[in-house]
Amino acid sequence: MTAPLLSLRDVSKSYGQVHANRGVNLDVASHSIHAILGENGAGKSTLMKLIYGVEKPDSGQIMWQGKQLHLNAPGDARQLGIGMVFQHFSLFETLTVVENVSLVVPGDKKDLAQRITVLGAEFGLDVDPMAHVHTLSVGERQRVEIIRCLLTNPKLLILDEPTSVLPPQSVNRLFETLRKLAADGVSILFISHKLEEIRAICDHATILRAGQVVGNVDPRLHDASALATMMIGHDVPAPLAAKPISTGNKHLELIAVDHIHDDPFSVPLKQINLQVRAGEILGIAGVSGNGQSELAALISGEARLHGSEKQRIMMMSRDVTHLNPAARRHLGFAFVPEDRLGQGAVPEMSLTKNSLLTAHSKGLVRHGLIRMRQATAFAKACIATQDVRTPDEHAEAGALSGGNLQKFIIGREMMLAPKLLFVNQPTWGVDIGAATAIRQQLIALRNDGCAILVISEELDELFEVSDHIQVLNHGRLSARFKTVDTKPEEIGLHMIATGDAA
Amino acid sequence: MTLILPRLVARERASLSMMIIAPFAALALAAFANFTLYLTLDVDPSAVFYALLIEPFTSWYAFSEVLLKTGPLLLIAQGLAIGFRAKVFNIGAEGQFILGAICASAIPVYAPQASGIWIWPSMLLLGALGGGAWAAITSFWRVRLNANEILVSLMLSLVAVQLLNYLLLGPWKDPMGFNFPQSVMFQYDAMVPTLLPGTRVNISLLFAVGLSLAAWVFMQRSFIGFKLQVGGLAPRAAAYAGFSQGGAIWMSLLIGGCAAGFAGAAEVAGPIGQLQRSISTGYGYAAIIVAYLGGLHPIGILLSSFFMAALYIGGDTAMVSADLPIAGVRVFQGSLLLSYLILATFVRHRLDWPRPSAEIKP
């Protein structure tokens, strides 16, 4: 038997007191689509960073086609034919798509733009090669990352949660691509929490728990709940039973909102009407880049409507059209943004200080002075209730993994006891255990009478939590569907409808 | 043989030891760079370093002069550092200092005979207001038109110098002053009381130390200070939380402007005793270096302002005793800031030496 393409022997890596990886063994065969499964903080991202040369192992060996490997930089890895799509993107925001690609892929820019368009059409990864990255949504940025990797013709492609931002139809197309690539001899390391997807596409799964390998299985031979049990070490709790849909007061209402943002690359919003009542969860489905970020900024108050008198945004029956984010929060509004690092949290500040960002009105400030003891207690409570994996509340937000930080931010906003909660991409990059917990909390909050608006690209999630679903496509909002009376396929059709059909 | 270069790798958290070491290492680095410079200039380095670093502490008089210079540097740097933490770069403290001096001088210029205990406190207050008003021009245009505050505040400093020249050559010129461009000598009640008998050190130094403590409380404990820091570190997080960006710009520039204006007032009502062209020896610019050398931290600035003041006094002596050109002191200050900014990188980063990468060549 030939040597595996990549093998790891007894690899360990620690960050301070945290053992991210302990004695990990891994073999990736050629032509294989290999899943890495694990909860948040189980060490998946760290393991991938070691393979890609971003970090170096403290001990252990990495072998590439039977030869020992010392990677000093991702450039070394790319030279060997290892490509990676990160969970946190590595794109320059001020450059265009094609400029970002040309940093890694040699070639004439015009030619590259052409190849990007062709590849995009082939794999359903449509993106404008001339658009500046800062104008792109998270979903579009991920497409750029995938395209950029594919253009380097890798032998091993590492995908860190690649499907989380794709609509169901595109996921199937991506899977076809991946299968084609595997058949051509490219091995794929596939990190995902979506167990059904892993079962659909992967021929091998390595399961990590607390930095250690706890299993090597063929995922096709196990059902999803068995895999989930292996991953988290115990059974997944059943979802909370939802109360019947309430007919409480309207806590959020958008009336005839038309909005063109100053940014020329943004998606104009057209005639947006929606309402969320107390005790109800409204889900907004759609592929990102269809106006989600623009809508989110309008609701949070970071962008303000200008122009016609007819457009209104109401919260708790008050006209908030011209109120700033702070004034809206004062009315009982809380918001979890899509971008955790830099928007939902300050990377260089401790979790305690990050609590103050929005929870300052909860008695953490008196006479203009910060009450450190109360702020610490708040952060501690948030870490405990959300099971945030961190050494302590003094850890900087930037040192937490994406999913853990999301848990912290969601916990912080929930502890504000909001009347209206708006969550943009609640579980993006969050593992199944934590995602289930977050969804349960959303439903519990709804049952307590909170009005909740959720924007998500994961249809399964919206079907799990929402009472009603509307689809955002090309800046327009579809009619309102009652979740129990509709099917994912129907919503999916609205998500990919072109032009004015939505 | 390929050259193996180290990589700059982000630390998981800021290194406290590096934060403390950086200013001292910067001093060593700057001293070394200037050492070679002095050799090429044919100046005796040992004489220069003795004059710069030792002589200010060899006599009580020299030491008191160091304390005197510490006052304005400390005041201005504390004010600027608050803005710098919010990433509002007020480079025009020099102009705000001059406006503070001008506004304070208005009282003795227009009421040279007035007496009473109220005069010098009113002058300091007026100075702070004047400096703040000058800085307000910058923040107005920054908030209104997004005009770059670095350029606006810097250019306003040049305007301030011309305003000073106009006053001293025209309406405020001392009629008995033999046509020198300077105002009347201020009366006794227009002078800030002396702190240490027998020296020129006055109580504005106490105000400067008091401001340092206030700045410490403000940045560490106050919610407004927290908001300013969030705005500096992550502007989008500040917008998300609903902290007003315009408010942060106003706050930063007004604090910086008032502190610089206060320092300017204390200078004319203190050691100088009249309004003249040479009221500032670049305090407004040196304070930028002081703020950064002190790590933008109120306690650090306390030390760095004292050090920079010693460098001023030492520079004066070095010009006489070691024949150092006047630009030599400025070069030393500049290289010190440059060294510090280089070394400050290692507070959040470290060097990583790669292992030989021969095995991986395909």
Side-chain angles (χ1 to χ4, degrees), chain A residues 15-16 18 53-56 64-65 67-73 76-77 79-81 297 300-303 323-330 335-337 339 341-350 353-354 356-358 360 364-372 375 394-399, chain B residues 2 4-16 85-87 146 214 216-248 251 296 347-362:
Chain A
Y15 297 101
V18 182
V54 178
E55 300 273 4
K56 282 193 263 180
W64 177 253
Q65 294 175 327
K67 275 181 264 174
Q68 188 164 356
L69 198 59
H70 289 300
L71 296 173
N72 287 316
D76 296 344
Q79 226 176 5
L80 291 172
S300 74
E302 284 155 276
L323 293 187
N324 64 29
R328 292 181 193 196
R329 287 176 177 282
H330 201 67
F335 172 41
V336 178
D339 219 341
L341 227 44
Q343 186 179 9
V346 184
E348 298 91 343
M349 283 187 171
S350 68
K353 288 254 166 113
N354 269 298
L356 280 165
L357 212 51
T358 59
H360 52 84
L364 307 189
V365 173
R366 187 169 56 188
H367 306 310
L369 292 179
I370 297 166
R371 303 164 82 185
M372 275 323 275
H394 304 298
E396 289 180 7
Chain B
T2 50
I4 298 171
L5 290 172
R7 273 199 309 156
L8 207 55
V9 184
R11 292 180 197 265
E12 278 166 64
R13 53 175 71 198
S15 153
L16 185 66
R85 291 283 289 269
K87 295 229 163 67
N146 204 19
W216 188 79
V217 172
F218 183 77
M219 291 315 271
Q220 298 296 317
R221 296 291 317 278
S222 87
F223 189 52
I224 299 176
F226 169 77
K227 287 184 185 179
L228 288 178
Q229 290 174 54
V230 172
L233 290 170
R236 283 172 50 243
Y240 157 76
F243 303 160
S244 143
Q245 199 207 359
M251 179 70 75
L296 301 185
V347 172
R348 284 196 163 270
H349 296 82
R350 61 185 168 80
L351 284 181
D352 189 41
W353 296 90
R355 278 173 285 187
S357 50
E359 297 97 313
I360 61 154
K361 290 286 174 280

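Protein chains get the first letters and strands the later ones, always in sequence-line order, with residue 1 at the start of each.
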Distance (rounded to the nearest 0.5 Å) between Glu396(A) CD and Arg348(B) CZ:
4.5 Å
Contacts of Glu55(A) meeting salt bridge (charged side-chain N to carboxylate O under 4.0 Å, His left out) (sequence neighbours excluded), chain-then-number -> Lys13(A)
With the side chain counted from C-beta on, respond yes when Met349(A) and Val230(B) share a heavy-atom pair under 4.5 Å apart, and no when they do not.
yes
Evaluate whether atom CD1 of Ile224(B) has more than 12 neighbouring non-hydrogen atoms of other residues, nucleotides or ligands under 6.0 angstrom away.
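Result for CD1/Ile224(B): open.
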Which of Leu364(A), Thr358(A), Asn324(A), Leu356(A) touches chain B most, by non-hydrogen pairs under 4.5 Å:
Leu356(A)
Looking at Pro347(A), Gly81(A), Ser300(A), Pro325(A), which makes the most heavy-atom pairs under 4.5 Å with chain B?
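Result: the option with the highest number of such pairs is Pro325(A).
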Side chain, backbone, both or neither: which part of Ala297(A) has a non-hydrogen atom closer than 4.5 Å to chain B?
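The answer is neither part of Ala297(A).
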Among Gly242(B), Gly225(B), Ala237(B), the residue with the most heavy-atom pairs under 4.5 Å to chain A is Ala237(B)
Non-hydrogen atoms of Phe226(B) and Ile370(A) that approach each other most closely
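Scanning both residues, the minimum pair turns out to be CB-CD1, 3.8 Å.
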For residues 216-226 of chain B, which residue pairs pass the side chain to side chain donor-acceptor pair (under 3.5 Å) check, not counting sequence neighbours?
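Found none.
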Side chain from CB out, backbone as N, CA, C, O: work out which of these in Phe218(B) comes under 4.5 Å of a heavy atom of chain A, or both, or neither.
neither
Taking Tyr240(B) for its side chain and Phe335(A) for its backbone only, find out whether a donor-acceptor pair lies under 3.5 Å.
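Pair found, side chain donor or acceptor close to backbone of Phe335(A).
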